[in-house]
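So the structure is just underneath, and the comments pick up after that.
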There are 2 protein chains.
Amino acid sequence: MEEIDRQIMTLLADDGRMSFTDLAKETGLSVSAVHQRVRRLQKRGIVKGFTAQLDHEQIGLPMTAFVSIKPIDPSAPDDAPHRLRDLTAIEACHSVAGEESYILKVRVATPNELEDLLQKIRAAANVATRTTVVLSTPWEGRRPPI
Amino acid sequence: MEEIDRQIMTLLADDGRMSFTDLAKETGLSVSAVHQRVRRLQKRGIVKGFTAQLDHEQIGLPMTAFVSIKPIDPSAPDDAPHRLRDLTAIEACHSVAGEESYILKVRVATPNELEDLLQKIRAAANVATRTTVVLSTPWEGRRPPI
DNA sequence: GGTGAAACTCCGTGTGT
DNA sequence: ACACACGGAGTTTCACC
């Protein structure tokens with residue numbers, strides 16, 4: 001039964017708009033049973049939501065970079081995520097082990113915008129930054145083997 | 001008119017399963033006009049697809065890491081993406097500027113699995129690896145400001 | 001958890017402007 | 001590019017197992 005949930009999640013990860021009718025055909029369950037399972041998966045938070053995958057080039061954000069940050073004053077309390085939250089160009093913020101404390105993934109339109117963003121990051125969180133610019137992305141957001 | 005496309009994409013990025021009827025209400029257009037626009041956005045590849053957002057903890061992949069790789073033999077042809085393609089634990093592969101040639105984002109269940117994966121990466125692509133383990137993720141996959 | 005059916009809503013296409 | 005309309009398809013809830 002857990003097997004069927006995995007199957008449903010795999011199908012929805014591939015096509016987030018697949019109809020309940022088609023999910024039912026694929027799984028061999030009735031439409032209402034599938035409906036019930038999807039609602040339960042959402043309620044449990046295993047399925048957190050559904051989203052459209054957009055082409056960054058075409059929506060005007062062709063530049064991606066990873067920004068590692070390190071506090072200038074290591075004794076100060078670390079609330080970098082809170083301080084950086086309003087910088088919407090930061091697509092992801094990961095706390096990491098290693099020499100730096102966070103890795104940020106950012107999307108911008110131009111090198112100039114990246115420069116502006118780095119200044120804002122340094123000012124907002126009182127950190128030093130180390131930036132790695134993405135040249136191309138062979139793949140991204142690939143579905144994990146559930 | 002371009003404004004309405006941006007609005008539609010924002011709505012679909014927030015809720016990938018929103019009905020055309022609701023999109024029509026939000027945008028003030030008719031259902032068929034919205035339908036036409038979404039199909040066009042997909043045909044142009046601006047909307048690349050729709051996907052379910054899954055909780056990595058709950059699907060058994062609680063561990064995330066960034067793996068930077070550098071070729072051991074810099075004179076060899078660089079076909080790392082092709083050689084790494086079958087390692088499905090690699091969620092993303094970015095070619096980057098800087099000291100290393102690629103940054104990989106990987107998801108695994110345990111430290112042991114990470115160790116196995118790193119061995120496979122080194123063997124498959126003939127590279128040295130530098131791994132940064134993610135401790136927590138304040139946010140991820142946030143919608144860019146379209 | 002599962003089914004099946006009923007009532008409702010939505011989708012997708014055709015037609016017209 | 002958009003609006004309107006209509007038949008087919010999908011969704012959602014219900015009683016029952």
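Chain naming here is simple, since letters A, B, ... match the order of the sequence lines and numbering starts at 1 in each.
The Arg17(A) side chain lies nearest to dC11(C) when the options are dC11(C), dG1(C), dT11(D). With distances taken from any side-chain atom of Phe20(B) to the nucleotides dC11(C), dC2(D), dT3(C), the minimum falls on dC11(C). For Ser30(B), whose side chain is taken as the heavy atoms from C-beta onward, the closest listed nucleotide among dA3(D), dT13(C), dT11(D) is dA3(D).
To the nearest 0.5 Å, atoms CD1 (Ile46(B)) and CD (Gln58(A)) are separated by 4.5 Å.
By the 4.0 Å N-to-carboxylate-O rule, Glu113(B) lies too far from Arg107(B) to be salt-bridged with it. In summary, Lys48(A) and Glu57(B) do not engage in a salt bridge, as defined by a charged side-chain N under 4.0 Å from a carboxylate O.
Per the geometry, CD belonging to Glu2(A) stands 10 Å off P belonging to dG1(C), to the nearest Å. One interatomic measurement links the two molecules: CD of Gln42(B) to P of dG12(C), which rounds to 10 Å at whole-angstrom precision. Distance, Glu3(B) CD to dA1(D) P: 16 Å, rounded to whole Å. We find that CG of Asp22(B) is positioned 7 Å from P of dC10(C), with the value rounded to whole Å. What separates CG of Leu29(B) from P of dA1(D) is a distance of 12 Å, to the nearest Å. Per the geometry, NZ belonging to Lys25(B) stands 14 Å off C1' belonging to dC11(C), to the nearest Å. Distance, Ile4(A) CD1 to dT3(C) P: 9 Å, rounded to whole Å. Spacing between atom CD of Gln36(A) and atom C1' of dG4(C) amounts to 14 Å, rounded to whole angstrom units.
A cation-pi contact, defined as under 6.0 Å to the ring centre and within 45° of the axis, links Arg17(A) to Phe20(B).
A side chain to side chain contact (heavy atoms under 4.5 Å, CB included) with Phe66(B) holds for exactly one of Val134(B), Val133(B), Val106(B); it is Val134(B).
Taking 3.5 Å as the limit, the base of dG4(C) and the side chain of Ser32(A) contain a donor-acceptor pair of atoms between them. Between the base of dC11(C) and the side chain of Ser19(B) there is no donor-acceptor pair shorter than 3.5 Å.
Nucleic acid contact class of Val31(A) (heavy atoms, under 4.0 Å, all strands): base.
Close to dT11(D), at under 4.0 Å from its OP1 or OP2, lies a side-chain N or O of Thr21(A). Proximity of Arg37(A) to the phosphate of dG2(C): a side-chain N or O atom is located under 4.0 Å from OP1 or OP2.
If you find the closest nucleotide of DNA chain C to Gly28(A) and to His35(B), the one lying nearer the 5' end belongs to Gly28(A).
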